[in-house]
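Working notes, beginning with the structure itself.
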Amino acid sequence: MKRNILVIGSGGREHALCKRLLESSKVNQVFCAKGNDGMKRDGIQIVDILEDNHEELINFSKEKKIDWVLVGPEVPLMNGLVDDFEAVGIKVFGPKKSAAMIEGSKEFAKELMTRFNIPTAKYESFSDFNLAYEYVENNSLPIVIKADGLAAGKGVVIAETYEEAKQALKEMLVENTFNNESPKVVIEEFLVGKEFSLLSFVSETGIYPMVAAKDHKAIFDNDKGPNTGGMGAYSPVYYVTKEIEETVLETIIKPTIAGMKNLGTPFIGILYTGLILTANGPKVIEYNARFGDPETQVLLERLDSDFVEVIESLLNNQEPVINWRETGVTLGVVVAAKGYPSSYETDVSLPNFKKEETTKIFYSGVKEKNQQLVSNGGRVFLVACSDVSKDVAHEKVYRWLNEQKLSPFYYRKDIGRTI
Ligand code: AMP
Ligand code: GLY
């Protein structure tokens, strides 16, 4: 029997997940709730149910005889969507609410790392503004201040001055800009080194790391300006050798998964480790409990195996067959609305892109209006190309971008170039 699969989420990551699932000969239909109108161009069935409406998602899955569900974003994971699907006997790949805490609480993640000796930046957590500021004053600059709880990639301030640190602490602890029930911050040592991400497929019985990816988080070229969800990515990453990947697996990923089991909150799903390659080896800067966006759009282009078979093997605790392309590089650039990550305009028409074999488009903040796609979010779409090297892939993506009429949209010009 061919499978019906439901993917939860609505961004470029989910577009990429759905697209790869649809390529499998084992699939009948791929649904995406709530999806976006751009996905329809690739034959994905979008479903008008919000990701927080667990009851409707369950009813829909029963009605459409969904074989299994894949959850993209962190918020439904934190809200226990996996727990709710499992409670009614629907198969779902992702961590339960208790395990999604690894992303949902920086304090939980830091305590886990301390307890199981996982390399990370030295830290302290605070809920009192005066104590927090006193700690900052006794430490050197720059210093990193992170709001506890989900903040859509925007809860991290790297303070270069004490005044900046004070302002960040005031916003997070006194004004509670991230609207947490009990506002807390984690203050940590600034790590120096190159950044990369390593994502792993995790089942009850096995850990299978992917290939390293590099995300570009800042809004402007040369990593200037505020952080975003990610403005572009490439994979593999030239400075992440097999040896480094092995070190991350042995000193970070395996102890993390073992630690989660030990705490009684076993992690199943995609473990995303954000890392900095310091002079003393790789150290964790963050965990996510899910696929990254935009890393997924480039990573899945590297996967040479049947994605449906991979997830089904993991769900059944069998050894999955996972092959990665051995040569070349995939690079993707995000096209965003002008003004993102602050306020931005929507409803701007997108040009009609020609379908091409070599250029892949993954839609995120778009909707249809009079049969035309218009922008409907901060990150609008990502364009990805694969080629023999990072530089050739870069040339190819930017040649394509230059050929389109994309004003007033914005994209970085240096993805894959700064590092
Ligand atoms: P996070 O949301 O924790 O990934 O942090 C966002 C960005 O801030 C990261 O991608 C890093 O570039 C930077 N960052 C976070 N923590 C540190 C740290 N301890 N040292 C240096 N940079 C950091
Ligand atoms: N690109 C970073 C993330 O998905 O959190």
Side-chain angles (χ1 to χ4, degrees), residues 6-19 22 30-53 56-57 60 70-76 79 150-154 215-217 219 225-233 290-298 332-355 359-384 397 400-401 404-412 415:
L6 172 64
V7 174
I8 309 295
S10 60
R13 163 184 52 209
E14 287 76 23
H15 188 169
L17 293 169
C18 291
K19 201 165 162 171
L22 263 178
V30 174
F31 298 94
C32 190
K34 156 173 182 44
N36 69 60
D37 287 331
M39 295 179 178
K40 295 195 285 197
R41 307 189 166 199
D42 282 322
I44 299 156
Q45 312 281 316
I46 67 167
V47 182
D48 193 13
I49 305 175
L50 289 174
E51 62 193 37
D52 61 1
N53 194 342
E56 280 297 303
L57 290 170
F60 174 85
L70 183 60
V71 184
E74 62 276 21
V75 175
N79 288 340
L150 295 179
K154 291 163 200 153
D215 179 20
H216 296 61
K217 286 206 173 103
I219 183 71
N227 268 344
T228 69
M231 293 303 291
R290 52 166 174 85
F291 278 104
D293 188 343
E295 289 91 332
T296 305
Q297 291 88 314
V298 297
V333 175
V334 169
V335 176
K338 202 171 130 200
Y340 173 76
S342 303
S343 58
Y344 50 82
E345 54 177 346
T346 55
D347 267 349
V348 180
S349 294
L350 273 73
N352 282 318
F353 304 125
K354 279 199 306 261
K355 257 211 170 183
T359 313
K360 302 272 171 77
I361 297 174
F362 301 99
Y363 290 105
S364 38
V366 298
K367 68 174 182 204
E368 238 162 33
K369 209 172 180 181
N370 307 324
Q371 280 141 34
Q372 177 82 23
L373 284 182
V374 300
S375 65
N376 186 38
R379 293 191 289 177
V380 179
F381 67 93
L382 173 142
V383 53
V397 170
W400 184 89
L401 283 164
Q404 316 303 317
K405 289 201 175 57
L406 286 174
S407 71
F409 295 113
Y410 167 80
Y411 55 88
R412 273 180 65 160
I415 301 301

Q) Is it true that the side chains of Asp42 and His15 contain a donor and an acceptor less than 3.5 Å apart? A)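 Yes, side-chain donor-acceptor contact under 3.5 Å.
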
Could you tell me whether a side-chain N or O of [X] sits under 3.5 Å from a main-chain N or O of [Y], the two making a donor and an acceptor?
X      : Y      : result
Glu14  : Cys32  : no
Thr228 : Gly230 : yes
Asn36  : Ser10  : yes

Strictly below 4.0 Å, N to O, side chains only: are [X] and [Y] in salt-bridge contact?
X      : Y     : answer
Lys369 : Asp37 : no
Glu295 : Arg13 : no
Lys34  : Asp52 : no

Q | Distance under 6.0 Å and angle within 45° of ring axis: Lys19 vs Phe362 | A |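 Judged by the rule, Lys19 and Phe362 form a cation-pi pair.
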
Taking all non-hydrogen atoms of both residues, which atom of [X] and which atom of [Y] are closest, and how far apart?
X      : Y      : answer
Lys217 : Met231 : O-CG, 4.5 Å
Ala384 : Val397 : C-CG2, 4.3 Å
Pro294 : Leu382 : CB-CD1, 3.4 Å

Q. Of the options Val334, Ile219, Val335, Val380, which is the one that meets Tyr410 in a side chain to side chain contact (heavy atoms under 4.5 Å, CB included)?
A.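 When Val334, Ile219, Val335, Val380 are each tested with Tyr410, the side chain to side chain contact (heavy atoms under 4.5 Å, CB included) holds only for Ile219.
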
